[in-house]
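One is the number of the first residue; the rest follow in order along the sequence.
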Amino acid sequence: MDTIFEQDKHMMTFIEGIEKGETDFLLGVDLPTRVYKAKFEKNDEDNFVLKFSVPEGSDFNAEYFFSKPAVLFAPNKIQILLLNTDALRFTQTINEKGPQEVKVTYKSFGTEADPSKWKNSKHCAYIRYSKEAFRYTDMSLKYDFTTDKNQQSSWRNAFVLRLTGDNIIIVSFEERMAGDDAYCVFRAQKKMDIALFEKAVEAVRIVYGLFAGYCFADRGYFISDYTGEKPKDRVPLIVRYHNRDKAKKHKYPLLDKTHYVDDDHMQLEMTTEQMNALVRLFVKNEEFARAAKLLIDASAIDGTSRGVLAVVALETIANQLMQKGPQAKLITDKAIASQLNYELNKGLKKIKEKVVADDYKKLESKVNSVNNLPNAVKLESVFEKLLIELDEEEQYCISCRNQFLHGWLPKNKKFNFLTEHELVFMVSQRLIMLSAMLLLKKTGYSGMVNDWGYTAVVKLRAISEGRPLRHVGNAHRKV
């Protein structure tokens, strides 16, 4: 890998070595035989397997690894900490004679027990992905620069991520290596808290998952260079690996990477400034991040579940956007609204003694909210606030909120040319698109997004009718 970051070469060598189990370890445990020769290597599930042999006739407690931590020591002074909370499986061969082979599977490991050394250090992260499943060019993003040693190269694979203050992370995609493996690499340019660094990594995963159709696995190596207050305190290589979730891929990225003849007149590409704004939004507001992950999940499933998740995400985003400022009401005249509330409560009090106390509180709550807008209308008002004009079809999609949440199928005589499946798909995808448009508008993006609600139906019908799809692009919607 010919890169300007020499550290990456060393880290790739380190990762390759530990995953292949090339290091001979000594396993330290609180058991009668306290030290065992051991191997430690990655399996096909991207977990790590500890392997060692138990002498014949030894009193070995199989529950140990699920109740206490263990430590691996190596001649090169690297030590690996294995927590009992990360242990997944235990297997042991039963032999009539000779040693017993033991395997313990872990989802995570680390090299440092003191969590304070992660809080103010210079961090890197190496997130592996499959080149067959995803290429970084699948994201319609105008990358900043190249990590190639030839800095005059037109090849661009990296961008600068500017977080709060002077916290800067360089993000690059390293695909120039043999085999199917590639890495998304994050490099902090100064000391920062690990919590902020991890939130930034998570935010980038979300952006790519929603807009490029591929959410990297929540799995990778986090590296820290802890300097400490004195030279003797320095720990040059602190490593943590975790395997929390698989990669998610779907067929409906919201940004279009296709090159069109007239694309000079179309805004299909996100700038790194807009990428930065989205990442900062997700880092700052967990509700926005959670809603975006729901949209990724919605894009990857079929049926009414897609619509349900899209509605929940849309309402979450809308609620966050409407927190500040006055809430829209059915009756905008305050005097009239106040009089209505007074008269309704006055009438309600006349029956107070005739109903159960809990029922009265529920009625009182309903009376006091009688001037609130219906939920579907509230959702429309968010788009109005952000100057996004909805057409009649989009308004209909938003009006399907209650149907999805109550397990009903959307129905509309106006769209009777669509099959039931096509209508559910179209409405669900439009809800995903509209939700993402709110996030994009919030961060200053004003270009185009893919309208899969229309595109996919048209393309599927063309295929079913035997019509060719060559040179057929996607329908777009301006944000």
Side-chain angles (χ1 to χ4, degrees), residues 210-211 252 254 287-288 290-299 301-330 332 369-443 445-446 448-458 475-479:
L210 188 55
F211 297 102
Y252 308 108
L254 286 166
E287 293 300 317
F288 282 133
R290 191 175 295 114
K293 286 192 280 189
L294 282 176
L295 294 175
I296 296 170
D297 290 339
S299 300
I301 59 176
D302 294 319
T304 55
S305 296
R306 174 182 281 145
V308 173
L309 291 181
V311 168
V312 174
L314 177 56
E315 292 209 345
T316 301
I317 295 167
N319 289 336
Q320 291 297 306
L321 292 174
M322 295 299 284
Q323 278 185 351
K324 296 180 180 179
Q327 300 297 307
K329 301 289 183 180
L330 284 169
T332 56
S369 61
V370 72
N371 195 34
N372 291 345
L373 290 173
N375 287 320
V377 178
K378 279 184 186 177
L379 292 177
E380 288 186 26
S381 67
V382 180
F383 290 89
E384 184 179 347
K385 179 181 178 181
L386 293 185
L387 305 179
I388 298 175
E389 187 175 346
L390 299 173
D391 61 27
E392 187 178 353
E393 287 185 10
E394 291 166 342
Q395 289 173 343
Y396 165 71
C397 293
I398 291 175
S399 75
C400 291
R401 169 198 179 274
N402 288 344
Q403 284 97 314
F404 279 121
L405 292 181
H406 291 91
W408 305 330
L409 294 177
K411 294 185 185 298
N412 193 306
K413 292 181 180 179
K414 185 174 181 180
F415 299 107
N416 58 10
F417 58 90
L418 295 175
T419 66
E420 185 178 90
H421 172 78
E422 288 172 340
L423 180 60
V424 170
F425 179 88
M426 185 270 287
V427 174
S428 300
Q429 284 299 146
R430 287 274 175 86
L431 289 171
I432 294 171
M433 177 190 75
L434 292 168
S435 301
M437 285 170 58
L438 292 176
L439 295 172
L440 289 170
K441 193 76 170 183
K442 176 74 175 174
T443 53
Y445 181 84
S446 58
M448 302 282 190
V449 291
N450 283 326
D451 181 357
W452 287 109
Y454 177 83
T455 301
V457 172
V458 171
H476 300 106
R477 205 306 189 172
K478 185 171 176 59
V479 175

Heavy atoms of A475 and T455 approach each other most closely as N-OG1, 2.8 Å
side-chain contact (heavy atoms from CB on, under 4.5 Å) partner of C397, the single match among E392, M426, Q429: M426
With a 4.5 Å limit on heavy-atom distance, are the side chains of D451 and R430 in contact? yes
So, taking the atom named CD1 in I301 and the one named CD1 in I296, what distance separates them when rounded to the nearest 0.5 Å? 12.5 Å
Neighbour count above 12 (heavy atom, 6.0 Å) for Y454 OH: no
Would you find a donor on one side and an acceptor on the other, under 3.5 Å apart, between the side chain of D391 and the backbone of E393? yes
Residue E287 excluded, over 12 heavy atoms near CD under 6.0 Å: yes
From CD1 (I388) to CZ (R477), nearest 0.5 Å: 7.0 Å
Does the side chain of C400 come within less than 4.5 Å of W408's, by heavy atoms? no
The single option from L390, I317, V382 passing side-chain contact (heavy atoms from CB on, under 4.5 Å) against L434: L390
Could you check whether any side-chain heavy atom of M437 comes within less than 4.5 Å of a side-chain heavy atom of L386, counting everything from C-beta outward? no
Testing the basics here: between A436 and L295, what is the closest heavy-atom pair and its distance to 0.1 Å? N-CD1, 4.2 Å
Quick check: closest heavy atoms across T304 and F404, and the distance to 0.1 Å? O-CD2, 3.8 Å
Side chains of H476 and V449: closer than 4.5 Å at any heavy-atom pair? no
From Q320 CD over to L439 CG, what is the distance, rounded to the nearest 0.5 angstrom? 10.5 Å
Evaluate the criterion salt bridge (charged side-chain N to carboxylate O under 4.0 Å, His left out) for residue pair D302 and R306; output intermediate values, then yes/no. CA-CA 6 Å; D302 294 319; R306 174 182 281 145; 3.3 Å; yes
With no hydrogens and no angle check, is any side-chain donor or acceptor of E315 less than 3.5 Å from a backbone partner on V312? no
Any donor-acceptor pair under 3.5 Å from S399 side chain to Y396 backbone: yes
With rounding to the nearest 0.5 Å, note down the distance linking NZ in K478 to CD in E389. 13.0 Å
With no hydrogens and no angle check, is any side-chain donor or acceptor of K442 less than 3.5 Å from a backbone partner on L321? no
Is the shortest heavy-atom distance from the side chain of I432 to the side chain of L254 under 4.5 Å? yes
Are there over 12 heavy-atom neighbours, none belonging to K441, within less than 6.0 Å of that residue's NZ? yes
Is there side-chain contact between T419 and F425, with at least one heavy-atom pair below 4.5 Å? no
Would a line drawn from the ring center of F211 to the ring center of Y445 be shorter than 6.0 Å? no
Report the distance from atom CD of Q403 to atom NZ of K411, rounding to the nearest 0.5 Å. 10.0 Å
Closest non-hydrogen contact found for L431 with G307 is CD1-O, 4.3 Å
So, taking the atom named OG in S428 and the one named CG in L309, what distance separates them when rounded to the nearest 0.5 Å? 9.5 Å
